[in-house]
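Here the structure is laid out as structure tokens; the discussion comes afterwards.
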Amino acid sequence: RTERTITDPDHLVANLPRARADGFTIDDEEDAEGIMCIASPVVDVHGGVLGAVSVTGLKADSALRQPRSVGRKVRAAAEQIGEMVNRRT
């Protein structure tokens, strides 16, 4: 899709430990030029993925100039949703 798209499986796998540790991932113009997406999974009590929370916007937007800060907020929202869902089950 773009020059930044991860197409090498080894490169993708090498990024997984950081994504797990952070609890979110950042798509930095991998799908479209100038677009950034930050996402975090919503998980159940067993660690299964129920869905995800994501934020997408223009990379030039001031809110996305600090993507790791946004990532932590996205992760926190996903965790809150997971807690609410898990209380109901």
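Worth knowing before you read on, the calculation uses all heavy atoms, side chains too, and leaves out hydrogens, waters and symmetry mates.
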In terms of heavy-atom contacts, Val13 and Pro17 come closest through O-CD, 3.4 Å
Examine Val74 and Leu50 and state if one hydrophobic cluster contains both, with Ile, Leu, Val, Met, Phe, Trp and Tyr joined whenever side-chain heavy atoms are less than 4.5 Å apart.
-> yes
Working to the nearest 0.5 Å, report the span between CD1 of Ile81 and CE of Met84.
-> 5.5 Å
Contact summary for Phe24 and Ser40, nearest pair of heavy atoms | CB-CB, 4.2 Å
So, the side chain of Asn86 versus the backbone of Val43: is there a donor-acceptor pair under 3.5 Å, distance only?
-> yes
Separation between CD (Glu33) and CZ (Arg4), nearest 0.5 Å, reads 8.5 Å
Straight-line distance of Asp27 CG to Arg1 CZ, nearest 0.5 Å | 10.0 Å
Report the distance from atom NE2 of His11 to atom CG of Leu16, rounding to the nearest 0.5 Å.
-> 10.5 Å
Hey, are the side chains of Asp31 and Thr2 touching, using non-hydrogen atoms and a 4.5 Å cut-off?
-> no
Report the distance from atom CG of Asp61 to atom OG1 of Thr56, rounding to the nearest 0.5 Å.
-> 12.0 Å
Taking the side chain from Ser54 and the backbone from Ile38, do they hold a donor-acceptor pair closer than 3.5 Å?
-> no
Kindly indicate whether the side chain of Arg68, heavy atoms from C-beta on, has any atom under 4.5 Å from the side chain of Ile26.
-> yes
Shortest non-hydrogen separation from Leu64 to Pro67 and the atoms involved = O-CD, 3.4 Å
May I ask you to decide if Gly34's main-chain N or O and Glu29's side chain share a donor-acceptor pair within less than 3.5 Å?
-> yes
Report yes if the side chains of Met36 and Asp28 come closer than 4.5 Å at any heavy-atom pair, otherwise no.
-> yes
Mind checking whether Val42 and Val53 have side chains closer than 4.5 Å, heavy atoms only?
-> yes
Taking NZ, NE, NH1 and NH2 as the nitrogens, is one of them in Asp22 or Arg75 under 4.0 Å from a carboxylate oxygen of the other?
-> no
Do Val55 and Ile35 share a hydrophobic cluster, counting only Ile, Leu, Val, Met, Phe, Trp and Tyr and linking them when any side-chain heavy atoms are less than 4.5 Å apart?
-> no
